[in-house]
Novice: 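Take a look at the following structure, please.
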Amino acid sequence: MPFVRGTELFQAARKGHYAIGAFNTNNLEWTRALLQGAQDLNVPILIQTSMGAAKYMGGYKLCKALIELEAESMNITVPIVIHLDHGNYEAAKEAIAAGYNSVMFDGHDLPFEENVEKTKEIVKLAHAKGISVEAEVGSIGGEEDGVIGEGELASVEEAKTLAATGIDFLAAGIGNIHGQYPANWKGLHFDRLQEIADAVDLPLVLHGGSGIPQDQVEKAISMGISKLNINTECQLAFAKATREYILANKDQEGKGYDPRKLLAPGTKAITDTFKEISGWMGTRSVKMVPEEVK
C-alpha cells in the first residue's frame with residue numbers, strides 16, 4: 001500500500017496544471033467510499049481529518065489505523081496521503097507523533113510572527129520524519145472546528161515569508177469560505193491569486209472547494225492551485241441519498257433498517273461525488289510514487 005507524503009504529488013500537480021482532491025473523512029463509510037473512488041479512477045488521494053473529526057472517531061492513531069487497514073482490506077494500490085486538516089500547534093504535533101504522512105498547521109489566528117515561528121517548529125518536527133507540511137496565510141471564511149474566519153485576502157508579502165519557512169504547500173485566503181456559499185458571495189479574487197502564484201513557487205491550496213463554481217475552480221487550478229479541499233459537498237451528497245432512502249420507506253422493507261443497507265446509498269453518493277470532482281479537476285492517474293511524478 002503506497003502511503004506517501006504529499007510533497008512530490010502536489011509539486012507535480014502544480015507543474016502539470018491539475019489538482020488532487022483533499023477529501024475529509026468522518027467515519028468508516030466515508031473512508032471506504034473515498035478509497036473506492038480513488039481506486040476506481042486509479043488516482044492519488046489525500047484523506048484528511050479535522051481536529052473535530054479525529055476526536056469524534058477516537059483520535060489520530062485510530063484514524064491513521066482505520067485508513068491503513070481499510071486500504072489493506074480493499075486492496076488499494078493508489079498513492080494515499082493521510083493528512084491533518086486545520087490543525088493547531090498541539091494537534092499538528094500529535095498527528096506527527098501518530099504517523100500521519102502530512103499535516104496542516106493553521107496559525108492564521110495567531111499574530112503573524114508567532115504563526116511563522118510555530119510553522120518553523122512544525123516543519124522541523126515533520127521533515128525529520130519525512131512528513132509534508134501545509135500552512136495558511138490569510139483567513140479562510142466561514143467556520144472550521146469552531147474557528148471562524150472572515151475570508152480576508154492573503155498578503156503577498158506574508159505568503160512569501162510563510163513559504164520561506166520550508167513548508168511544502170501553502171493555503172492562501174482569496175475570498176473562499178468553508179461550508180455552503182451564500183447567495184451574495186462575490187467569487188474568488190483571481191488578481192490576488194495571480195500575485196501569490198507569481199511570488200511563491202509552491203503548490204497552492206484552495207480550501208472551501210465545495211460550492212465554488214466549477215469554472216472558477218478550473219481557472220484557479222490553471223493559476224497554481226494544486227490541492228482542492230472538499231468536505232461539505234460529500235456531506236450534502238451523503239445526506240441527500242440517505243434522506244431519499246428513508247423517504248422511500250426502504251428502511252421499512254425487510255431488513256432495510258440494517259445500517260449496512262441504510263448507509264449504503266450515502267456511501268455510494270460520496271464515491272460518485274469523488275469521481276465527478278476528480279474528473280473535472282484533471283487529476284492524473286499514477287501507479288507509484290515517486291517515479292510517476294518526476
Side-chain angles (χ1 to χ4, degrees), residues 1-10 20-28 30-31 34-35 38 44-72 76 79-110 114-137 140 143-147 149 162 165-171 178 202-203 205 207-209 226-231 234 289:
M1 293 177 293
F3 289 93
V4 299
R5 65 180 186 173
T7 307
E8 291 80 11
L9 287 170
F10 292 102
I20 297 170
F23 290 81
N24 289 62
T25 186
N26 295 282
N27 58 24
L28 181 146
W30 238 266
T31 302
L34 295 172
L35 289 171
I45 182 173
L46 184 147
I47 298 181
Q48 56 190 16
T49 59
S50 67
M51 293 188 296
K55 181 179 180 180
Y56 169 78
M57 293 169 68
Y60 299 108
K61 289 183 179 179
L62 189 150
C63 291
K64 176 177 178 285
L66 172 64
I67 296 168
E68 290 178 337
L69 292 173
E70 282 292 353
E72 180 181 9
I76 303 298
I80 303 166
V81 183
I82 302 175
H83 180 76
L84 170 67
D85 185 30
H86 286 285
N88 61 24
Y89 181 67
E90 293 302 325
K93 290 195 296 183
E94 287 184 39
I96 290 169
Y100 275 43
N101 310 115
S102 182
V103 297
M104 177 188 185
F105 168 57
D106 182 357
H108 83 268
D109 56 337
L110 302 173
E114 185 178 355
N115 185 6
V116 171
E117 290 307 310
K118 279 187 163 56
T119 299
K120 288 179 181 178
E121 294 176 28
I122 295 299
V123 167
K124 183 177 180 180
L125 287 172
H127 283 186
K129 296 186 175 183
I131 297 168
S132 57
V133 178
E134 175 185 345
E136 180 175 318
V137 61
I140 308 300
E143 181 177 349
E144 183 79 9
D145 274 356
V147 178
L162 205 55
T165 62
I167 59 174
D168 299 278
F169 21 98
L170 176 68
H178 292 117
L202 284 176
V205 183
H207 283 254
S226 311
K227 175 176 177 280
L228 179 67
N229 281 35
I230 300 292
N231 186 25
C234 288
V289 175

Novice: Heavy atoms, side chains only, cut-off 4.5 Å: are Pro44 and Val81 in contact?
Specialist: no
Novice: Under 30°, 30 to 60°, or over 60°: which ring-plane class applies to Phe105 and Tyr89, parallel, tilted or perpendicular?
Specialist: perpendicular
Novice: Within the structure provided, determine whether Ile82 and Phe3 are in side-chain contact (heavy-atom separation under 4.5 Å).
Specialist: yes
Novice: Check Asn101 against Ile131 and note the closest heavy-atom contact, atom names and distance.
Specialist: O-CG2, 3.2 Å
Novice: How close do Lys227 and Ala22 get, heavy atom to heavy atom, and via which atoms?
Specialist: CE-CB, 3.7 Å
Novice: Take Ile96 and Ile122 through the test side-chain contact (heavy atoms from CB on, under 4.5 Å) and record every step on the way to the result.
Specialist: CA-CA 9 Å; Ile96 290 169; Ile122 295 299; 4.2 Å; yes
Novice: How far does CE of Met104 sit from OG of Ser50, to the nearest 0.5 angstrom?
Specialist: 12.0 Å
Novice: Which heavy-atom pair separates Asp106 from Asp109 by the least distance, and what is that distance?
Specialist: O-OD1, 3.9 Å
Novice: Restricting to non-hydrogen atoms, name the atom on Ala98 and the atom on Tyr60 that form the minimum distance, rounded to 0.1 Å.
Specialist: CB-CB, 3.8 Å
Novice: Just how far is it from atom CD1 of Ile67 to atom CE of Met57, taken to the nearest 0.5 Å?
Specialist: 6.5 Å
Novice: How long is the gap from CG on Leu162 to OG1 on Thr119, to the nearest 0.5 Å?
Specialist: 4.5 Å
Novice: When you compare the side chain of Asn231 with that of Gln48, does any pair of heavy atoms fall below 4.5 Å?
Specialist: no
Novice: Looking only at heavy atoms, which two atoms of Ile80 and Leu35 are closest? And how far apart?
Specialist: CD1-CD2, 3.7 Å
Novice: With a 3.5 Å distance limit and no angle check, can you tell me whether Thr25 reaches the backbone of Ile47 through a side-chain donor-acceptor pair?
Specialist: no
Novice: How far does CG of Leu228 sit from CG of Leu46, to the nearest 0.5 angstrom?
Specialist: 11.5 Å
Novice: For the CG atom of Asn26 and the OG1 atom of Thr49, what is their distance to the nearest 0.5 Å?
Specialist: 9.5 Å
Novice: Can you tell me how the ring of Phe169 sits relative to the ring of Phe10, calling it parallel under 30°, perpendicular over 60° and tilted otherwise?
Specialist: tilted
Novice: Quick one: which of Ser132, Ser102, Pro79 gives a side chain to side chain contact (heavy atoms under 4.5 Å, CB included) with Val4?
Specialist: Pro79
Novice: For the residue pair Met51 and His86, establish whether any side-chain heavy-atom pair is separated by less than 4.5 Å.
Specialist: no
Novice: Glu114: which residues meet the salt bridge (charged side-chain N to carboxylate O under 4.0 Å, His left out) condition with it, sequence neighbours left out?
Specialist: Lys118
Novice: Evaluate the criterion side chain to side chain donor-acceptor pair (under 3.5 Å) for residue pair His207 and Glu136; output intermediate values, then yes/no.
Specialist: CA-CA 10 Å; His207 283 254; Glu136 180 175 318; 4.7 Å; no
Novice: Please round to the nearest 0.5 Å and tell me the distance separating atom CG of Leu66 and atom OG1 of Thr31.
Specialist: 4.5 Å
Novice: Looking only at heavy atoms, what is the nearest atom pair of Ala171 and Glu134, with distance?
Specialist: CB-OE2, 3.5 Å
Novice: Sorted by first residue and then second, give each salt bridge (charged side-chain N to carboxylate O under 4.0 Å, His left out) pair with at least one member in residues 91-102; sequence neighbours left out.
Specialist: Glu90-Lys93
Novice: The test is salt bridge (charged side-chain N to carboxylate O under 4.0 Å, His left out); show your working for Glu121 and Lys124 and say whether it passes.
Specialist: CA-CA 5 Å; Glu121 294 176 28; Lys124 183 177 180 180; over 6 Å; no
Novice: Any chance you could lay out the side-chain contact (heavy atoms from CB on, under 4.5 Å) test for Phe23 and Ile230, step after step, and finish with the verdict?
Specialist: CA-CA 5 Å; Phe23 290 81; Ile230 300 292; 3.7 Å; yes
